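Here the structure is laid out as structure tokens; the discussion comes afterwards.
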Amino acid sequence: MKRKLTITIRNDVLEKSKEKAKKLGIPLSRLIENFLQYYVEPTVYCFKCGTKFKINEAKVCPRCGWYICPKCGACACTLGEEGAKVAFYMRKTLMEIFSTTEV
């Protein structure tokens, strides 16, 4: 079942979004739905084995602060220094997108 949604956003964001969505052949409603789905059930891929998992159901490593893969047990600790930086900034980007507290 689908429901109609009315939202208010900045005009420049709307116009740029419409333009980009049109180029990609994606309806804005699908983009918004995908975003909201990710917002309520965020998923990530394991850095080591590539398994996709829901972060709401994963444990967080107390050392690195990243999610522990439920399949192989890996987290950002298994990455080298450069990989750990990538993980850190990826997490920071996700937090900024969803307006949660800073890392």
Side-chain angles (χ1 to χ4, degrees):
M1 181 171 101
K2 298 229 178 199
R3 292 181 54 190
K4 187 174 177 122
L5 170 69
T6 301
I7 61 172
T8 303
I9 61 174
R10 288 190 348 237
N11 191 50
D12 62 317
V13 172
L14 178 59
E15 293 308 314
K16 288 177 184 177
S17 298
K18 283 182 178 180
E19 221 175 90
K20 186 168 184 175
K22 186 176 181 178
K23 285 180 186 175
L24 297 173
I26 302 170
L28 278 180
S29 59
R30 186 178 336 149
L31 290 173
I32 293 168
E33 185 173 354
N34 288 349
F35 174 84
L36 292 174
Q37 180 63 41
Y38 186 86
Y39 183 71
V40 296
E41 287 185 319
T43 55
V44 295
Y45 290 88
C46 174
F47 297 120
K48 187 173 182 180
C49 72
T51 297
K52 184 177 183 179
F53 61 94
K54 295 177 183 177
I55 64 172
N56 294 344
E57 298 171 1
K59 293 180 181 177
V60 175
C61 174
R63 184 169 172 236
C64 69
W66 194 251
Y67 306 101
I68 300 170
C69 176
K71 182 176 180 183
C72 74
C75 61
C77 292
T78 62
L79 304 171
E81 188 177 326
E82 288 299 310
K85 284 181 185 177
V86 171
F88 172 81
Y89 288 113
M90 185 175 93
R91 181 172 182 232
K92 187 172 181 171
T93 299
L94 289 173
M95 294 175 97
E96 286 177 4
I97 289 171
F98 296 107
S99 300
T100 60
T101 57
E102 288 294 315
V103 177

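Note that the structure is a prediction, hence the values are computed from the model and not measured.
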**Message:** Given 3.5 Å as the limit, does a donor-acceptor pair link the side chain of Y38 with the main chain of T43, or not?
**Reply:** yes

**Complete:** NZ of K4 to OG1 of T6, rounded to nearest 0.5 Å, is 6.0 Å

**Prompt:** In Å, rounded to the nearest 0.5 Å, how long is the span from SG of C77 to NZ of K48?
**Reply:** 12.0 Å

**Message:** If you compare all heavy atoms of P70 against all heavy atoms of F53, which two are closest, and at what distance to 0.1 Å?
**Reply:** CD-CG, 3.5 Å

**Prompt:** For the atom pair CD1 (I55) and CD1 (I68), what is the distance rounded to the nearest 0.5 Å?
**Reply:** 13.0 Å

**Item:** From K54 atom NZ to K52 atom NZ, the distance as rounded to the nearest 0.5 Å
**Value:** 9.5 Å

**Message:** I want to check something: taking the side chain as every heavy atom from C-beta on, are Y67 and C75 in contact at a cut-off of under 4.5 Å?
**Reply:** no

**Prompt:** Do M95 and V86 belong together in a cluster built from hydrophobic side chains that touch within less than 4.5 Å?
**Reply:** no

**Which residues share a ring-ring contact (aromatic ring centres under 6.0 Å, His included) with F47, sequence neighbours left out** = W66

**Request:** Look at atom OH of Y89 and say whether more than 12 heavy atoms of other residues, nucleotides or ligands are closer to it than 6.0 Å.
**Result:** no

**Request:** State the CZ-CG distance between F88 and L79, to the nearest 0.5 angstrom.
**Result:** 14.0 Å

**Asked** How long is the span from the CD atom in E96 to the CZ atom in R91, to the nearest 0.5 Å?
**Response** 12.0 Å

**Asked** E33 and Q37: side-chain donor and acceptor closer than 3.5 Å?
**Response** no

Show me the side-chain donor-acceptor pairs of residues 11-26 shorter than 3.5 Å, one per line, residues at least two apart or across chains.
| from | atom 1 | to | atom 2 | distance (Å) |
| --- | --- | --- | --- | --- |
| D12 | OD1 | R10 | NE | 3.0 |
| D12 | OD2 | R10 | NH2 | 3.0 |
| S17 | OG | V13 | O | 2.7 |

